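In what follows, a single structure is set out as structure tokens and then discussed.
All values derive from a computational prediction rather than experimental measurement. Both ligands and their constituent atoms are indexed starting at 1 by order of listing. Values reported hereafter were calculated over all heavy atoms of this structure, with side chains retained and with hydrogens, waters and symmetry mates removed.
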Amino acid sequence: MKAAILIESLTGNTWKAGELIAANLQQEGWQISGFAPMGSPDHAAIQAADVVVVGTWVHGLFVVAQAPWGVDRIRALPKMSGKKVAAFCTYALNPGKSLDVVTRELGSTGAEVVGGLTLQRGRLAAHSEEFAARLADAVSVA
Ligand SMILES: Cc1cc2nc3c(=O)[nH]c(=O)nc-3n(C[C@H](O)[C@H](O)[C@H](O)COP(=O)(O)O)c2cc1C
């Protein structure tokens, strides 16, 4: 399997999670066709990928009004019909419904959403490993 990874990150946690997910997927035998900020997607890498992984972070008032950052950038992504997509959001205390918003928006790219997970910023290694394992399972079953 080939994955392209698109990341929205302000302070680096989501970028780090993306790197950990890429490393975990490579351990599962996957190739990474590209790793780019969501604002400047690598179209060739997306084209080459079977699965696109989209990561962003949660902003809000920590326990209320949470939303994913960068929804406008998700909306601006190229059409991804025929691709599978999986999303994650890093957060500190409570992600609210941010992941639901991301997956809904990703659905409008035409991609098939195969999963998503929220990743607590203090447990990035464990949660990134879980994300990669679940993604590999979801794709192998599909
Ligand atoms: C302005 C701002 C608002 C935030 N609001 C929330 C929030 O409402 N709930 C939460 O769980 N984390 C919140 N966080 C924490 C971030 O989601 C968390 O640190 C995330 O990992 C940041 O990702 P990044 O390092 O890739 O930018 C907020 C962070 C910032 C900077």
Side-chain angles (χ1 to χ4, degrees), residues 1-81 83-140 142:
M1 283 285 162
K2 265 192 197 152
I5 301 183
L6 295 170
I7 299 292
E8 184 69 35
S9 182
L10 180 67
T11 63
N13 296 328
T14 315
W15 193 267
K16 176 81 187 158
E19 289 176 340
L20 290 166
I21 287 166
N24 279 295
L25 289 174
Q26 283 171 318
Q27 278 175 18
E28 303 259 1
W30 289 39
Q31 293 175 350
I32 306 302
S33 62
F35 194 109
M38 197 136 61
S40 42
D42 178 342
H43 291 252
I46 293 171
Q47 192 69 35
D50 307 295
V51 181
V52 180
V53 174
V54 172
T56 188
W57 56 280
V58 173
H59 78 102
L61 301 173
F62 283 86
V63 288
V64 292
Q66 303 96 327
W69 190 257
V71 169
D72 49 340
R73 290 186 170 161
I74 296 174
R75 289 186 183 140
L77 289 175
K79 283 286 166 210
M80 299 197 285
S81 309
K83 309 281 175 200
K84 297 183 192 306
V85 66
F88 70 90
C89 295
T90 68
Y91 70 99
L93 292 177
N94 184 335
K97 296 194 184 311
S98 300
L99 185 63
D100 295 345
V101 175
V102 173
T103 52
R104 189 174 65 232
E105 293 295 340
L106 282 171
S108 64
T109 66
E112 177 197 353
V113 181
V114 293
L117 197 63
T118 54
L119 278 53
Q120 208 274 329
R121 71 180 180 192
R123 303 199 55 211
L124 281 188
H127 288 178
S128 298
E129 191 178 336
E130 186 176 341
F131 178 91
R134 284 197 198 185
L135 176 56
D137 274 359
V139 171
S140 70

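Nearest protein heavy-atom neighbour of atom 12 (N) of ligand 1: Ala92 N, 3.2 Å. Scanning all protein heavy atoms for the shortest distance to atom 19 (O) of ligand 1 gives Arg121 NH1, 2.8 Å. Nearest protein heavy-atom contact of atom 29 (C) of ligand 1 is Trp57 CZ3, 3.7 Å. Nearest non-hydrogen protein atom to atom 14 (N) of ligand 1 is Val58 O, 3.2 Å. Among all non-hydrogen protein atoms, the one lying nearest atom 7 (C) of ligand 1 is Phe62 CA, 3.1 Å.
Within the listing of ligand 1, atoms 10 (C), 11 (O) sit less than 4.0 angstrom from a heavy atom of Leu93. Near Leu61, the atoms of ligand 1 lying under 4.0 angstrom from a non-hydrogen atom of the residue are 8 (O). The atoms of ligand 1 that sit less than 4.0 Å from any heavy atom of Gln66 are 8 (O), 9 (N). Near Asn94, meaning under 4.0 Å from one of its heavy atoms, ligand 1 places the atoms 9 (N), 10 (C), 11 (O). Atoms of ligand 1 found under 4.0 Å from any heavy atom of Thr11, numbered from 1 in the order shown, are 24 (P), 25 (O), 27 (O).
Applying the 6.0 Å contact sphere to CD of Gln26 captures more than 12 heavy atoms from other residues, nucleotides or ligands.
Within the 4.5 Å cutoff, the side chain of Leu117 has no heavy atoms near those of the Leu135 side chain. Between Phe88 and Ile21 the shortest side-chain heavy-atom distance falls below 4.5 Å. Taking 4.5 Å as the limit, every side-chain heavy atom of Ile5 sits out of range of all side-chain heavy atoms of Trp15.
Among Leu10, Thr14, Thr90, the residue whose heavy atom sits closest to atom 21 (O) of ligand 1 is Thr90. Atom 5 (N) of ligand 1 has its nearest heavy-atom neighbour, among Gly60, Gly18, Gly55, Ala65, in Gly60.
With hydrogens and angles disregarded, no donor-acceptor distance shorter than 3.5 Å links the side chain of Lys2 to the backbone of Ile46.
Partner of Val85 under the side chain to side chain contact (heavy atoms under 4.5 Å, CB included) criterion, out of Val114, Val52, Val102: Val52 alone.
Atoms CD and OG1, on Glu105 and Thr56 in that order, are 12.0 Å from each other to the nearest 0.5 Å.
Across all non-hydrogen atoms, the minimal contact from Glu8 to Trp57 is O-CD1, 3.4 Å.
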